[in-house]
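Below you'll find the structure, written out as structure tokens, and then a few comments.
None of the values given here were measured: they were computed from a predicted structure. Just so it is clear, the values below take in all heavy atoms, side chains as well, and ignore hydrogens, waters and symmetry mates.
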Amino acid sequence: MTGFDLTELLAERGSERYALHTRHLNHQLPRMLHTIGFDKVYERAEGAYFWDADGQDYLDMLAGFGVMGLGRHHPVVRQALHDVLDAQLADLTRFDCQPLPGLLAEKLLSHAPHLDRVFFGNSGTEAVETALKFARYATGRPRILYCSHAFHGLTTGSLSVNGEDGFRDGFAPLLPDTAVELGDLAALERELKRGDVAGFVVEPIQGKGVHAAPPGFLRAAQELLHRHKALLIADEVQTGLGRTGDFFAYQHEDGVAPDLVCVAKALSGGYVPVGATLGRDWIFKKVYSSMDRVLVHSASFGANAQAMAAGLAVLSVLEDEQLVAGARRTGDLLRSRLAELIPRYELLHEVRGRGLMIGIEFGRPKSLGLRSRWTMLQTARKGLFAQMVVVPLLQRHRILTQVSGDHLEVIKLIPPLIIGEREVDRFVEAFTAVMDDAHGGGGLMWDFGRTLVKQAVANR
């Protein structure tokens, strides 16, 4: 018997969590958390809530960047993982065909009936890497088009189609891919006419800033791509599996049928990393064109039994609990309640999104007093006001949110799909209190703003 006891280890050394990260992992993470007051110690989690050592609950409106679509520790997913471990399957032999990957592929493809085959990896960025490789090989062309401000992952291929300079800086040379603006069909057609484009990868709703593709854009882009023998790649890593009120976000627009679709995050159930690339039969048959090429694209941990069991359980829960329709209904309610506040607060400019993917954008106020404070923040660093809102939401109201991207005055809400009216009420009440404080010149909030300004100046 081993002497390893996980419960004992956590009891003995769990209090060292921030020190361990500072010494052995990304040392800037604990520094950042200390600076903005997010250095909490959460003891447990369930559903859409965390609890600290004092028993106080925290509402999760972040869902682990969308991973926790079902909330934390959903009993159906937990049971599926217990069952697959107890089954002691002969997993990952690499020279057999286990049933779980086939069953999960079949279930996923039922939600995209125009697609035929699935490759399973371990993450969203791997799903995108797969799509990039398959598009290049299937078309025999080198170049991928992507959108400005896009986020598709941080491995080298995915980084090449990342529209944020802050992630790309210092990692050149990357692949020779080209950005176009989301919605700019003329720019897309101009690039396609060069004849070297393999595909166009696009988020139906961009995570950075929560910007949806303009109505009709995806269908028109698809027609252009196919006319020029290029592929449409939909990155549904964050938007997929019900997040936007349809199973896939591209399904909001009639007639859109991507050639490749990337999913991950919520498919994991929050337990086992998994990514999947869905595609047309002819693309897969070109890549895997002979027995000599059977392993030309593979992943050591891809299609492992635990990940497949979690994925099957997630899809079952989405259907049984009608969470896709629930995301649409609850998202409409939350968005409308927040939009009602726009006339009340001059700092609040727009509420947008679909389903439970919502962006709250702040902007320059009209009144002199607020405008001077706003200018102070903007001069130091764009995005500080949104951070000023996020911090009191956590500190005073115990609600976890995030700023939607670097240098953006946008808060993104991507809560677990299981939330309902109680959580909507709690968030709107807390957000109203924070905005009242900001517009009333609340000392604590603007004092924190000045602290952020000093930190921003020091980091230059």
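In this structure, Leu104 and Leu315 have side chains that are in contact, with non-hydrogen atoms separated by less than 4.5 Å. Side-chain contact check for Leu413 versus Phe431: every heavy-atom pair is 4.5 Å or farther apart. Between Gln395 and Lys40 the shortest side-chain heavy-atom distance falls below 4.5 Å. Side-chain contact between Arg72 and Asp60 is present, with at least one heavy-atom pair separated by less than 4.5 Å. Residues Thr178 and Arg143 are in side-chain contact: their nearest non-hydrogen atoms beyond the backbone lie under 4.5 Å apart. The closest side-chain heavy-atom distance from Met32 to Leu29 is below 4.5 Å. Residues Arg328 and Arg354 form no side-chain contact, since every pair of their non-hydrogen atoms from C-beta on lies 4.5 Å or further apart. Residues Leu115 and Arg280 are in side-chain contact: their nearest non-hydrogen atoms beyond the backbone lie under 4.5 Å apart.
The distance from atom CZ of Phe120 to atom CG of Asn122, rounded to the nearest 0.5 Å, is 11.5 Å. Atom-to-atom distance recorded for Asp91:CG and Leu100:CG is 8.0 Å, nearest 0.5 angstrom. The structure places OG of Ser268 at 9.5 Å from CG of Leu241, a figure rounded to the nearest 0.5 Å. Within the model, atoms CE of Met357 and OG of Ser404 stand 7.5 Å from one another, a figure rounded to the nearest 0.5 Å. The distance from the CD1 atom of Ile411 to the CG atom of Leu62 is 11.5 Å, given to the nearest 0.5 Å. With rounding to the nearest 0.5 Å, the separation of CD in Glu409 from CD in Glu361 is 8.5 Å.
A cation-pi arrangement is present between Arg293 and Tyr137, with the terminal nitrogen or guanidinium carbon under 6.0 Å from the aromatic centre and inside a 45° cone about the axis.
Here Asp406 does not pair with Lys208 in a salt bridge; the nearest charged N to carboxylate O distance is not below 4.0 Å. For Asp425 and Arg422, the salt-bridge test fails: no basic side-chain N is under 4.0 Å from an acidic carboxylate O. Under a 4.0 Å N-O distance rule, the pair Lys285/Asp116 does not qualify as a salt bridge. Under 4.0 Å is where a charged nitrogen must lie from a carboxylate oxygen, and between Asp57 and Arg398 at least one such pair does.
Using modelled atom types, no side-chain atom of Ser158 and backbone atom of Leu154 make a donor-acceptor pair closer than 3.5 Å. A donor-acceptor pair is defined here as one N or O able to donate and one able to accept, closer than 3.5 Å; such a pair exists between the side chain of Glu253 and the backbone of Arg219. Of the possible polar contacts, one joining the His74 side chain to the Val76 backbone as a donor-acceptor pair under 3.5 Å is found. One N or O on the side chain of Arg352 and one on the backbone of Val210 form a donor-acceptor pair closer than 3.5 Å. No donor-acceptor pair under 3.5 Å is formed between the side chain of Glu319 and the backbone N or O of Ser316. Remark: the backbone N or O of Phe248 is paired with a side-chain donor or acceptor of Gln251 at under 3.5 angstrom. Of the possible polar contacts, none joining the Asp259 side chain to the Leu231 backbone as a donor-acceptor pair under 3.5 Å is found. The backbone N or O of Asp52 lies less than 3.5 Å from no partner atom in the side chain of Glu43, so there is not a single donor-acceptor pair. The backbone N or O of Gly14 lies less than 3.5 Å from a partner atom in the side chain of Arg17, making a donor-acceptor pair. Judged by distance alone, with hydrogens and angles left aside, the side-chain atoms of Ser160 form a donor-acceptor pair with the main-chain N or O of Leu175 at under 3.5 Å.
Under the 6.0 Å cut-off for aromatic ring centres, Phe119 and His297 qualify, their centroids lying closer than that.
Glu421 CD: 12 or fewer foreign heavy atoms inside a 6.0 Å radius. No more than 12 heavy atoms of other residues, nucleotides or ligands sit less than 6.0 Å from atom NZ of Lys107. Taking a 6.0 Å sphere around CZ of Phe38, one finds it holds more than 12 heavy atoms contributed by other residues, nucleotides or ligands. Within 6.0 Å of atom CG in Asp254, 12 or fewer heavy atoms from other residues, nucleotides or ligands are found, so the atom counts as exposed in its surroundings. Within 6.0 Å of CD on Gln322 lie no more than 12 heavy atoms contributed by other residues, nucleotides or ligands. The 12-atom threshold is not exceeded at CZ of Phe301, counting heavy atoms of other residues, nucleotides or ligands nearer than 6.0 Å. The number of heavy-atom neighbours closer than 6.0 Å to CZ of Phe65, taken from other residues, nucleotides and ligands shown, is 12 or below. Summarising the local packing, NE2 of His252 is surrounded by more than 12 heavy atoms from other residues, nucleotides or ligands at distances under 6.0 Å.
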Side chain to side chain contact (heavy atoms under 4.5 Å, CB included) between Asn162 and Tyr146, worked out: CA-CA 8 Å; Asn162 193 316; Tyr146 63 97; over 6 Å; no

Stepwise side chain to side chain contact (heavy atoms under 4.5 Å, CB included) test for Asp235 and Phe151: CA-CA 9 Å; Asp235 182 344; Phe151 185 94; over 6 Å; no

Go through Asn26 and His21 one step at a time and tell me if the side chain to side chain contact (heavy atoms under 4.5 Å, CB included) criterion holds. CA-CA 6 Å; Asn26 180 352; His21 274 257; over 6 Å; no

Worked verdict on Trp51 versus Glu46 for side chain to side chain contact (heavy atoms under 4.5 Å, CB included): CA-CA 9 Å; Trp51 284 266; Glu46 183 178 350; 3.9 Å; yes

Show your working on salt bridge (charged side-chain N to carboxylate O under 4.0 Å, His left out) between Asp177 and Arg136 and close with a plain yes or no. CA-CA 12 Å; Asp177 298 325; Arg136 284 187 160 101; 2.8 Å; yes

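In terms of heavy atoms, Ile358 sits closest to Arg335 at CD1-N, 4.1 Å. The minimum heavy-atom distance between Ile399 and Ala430, with the atom names listed, is CD1-CB, 3.5 Å. In this structure, Ala234 and Tyr250 approach most closely via the heavy-atom pair CB-CD2, 4.3 Å. In terms of heavy-atom proximity, Leu260 sits nearest to Ala131 at CD1-O, 3.6 Å. Here the shortest heavy-atom pairing between His73 and Arg78 reads O-CD, 3.6 Å. Among all heavy-atom pairs drawn from Val274 and Ala307, the shortest one is CB-CB, 4.0 Å.
Counting only N and O atoms by type, the side chains of Thr125 and Thr155 include a donor and acceptor under 3.5 Å apart. In this structure, a donor-acceptor pair under 3.5 Å is present between the side chains of Arg31 and Gln28. Residues Glu236 and Thr239 have side chains that bring a donor and an acceptor to within less than 3.5 angstrom of each other.
Screening His149, His152, Gln238 for a side-chain contact (heavy atoms from CB on, under 4.5 Å) involving Glu203 leaves a single residue, His152.
Using bins of under 30°, 30° to 60° and over 60° for the plane-to-plane angle, the ring pair His34/Tyr18 lands in the tilted bin.
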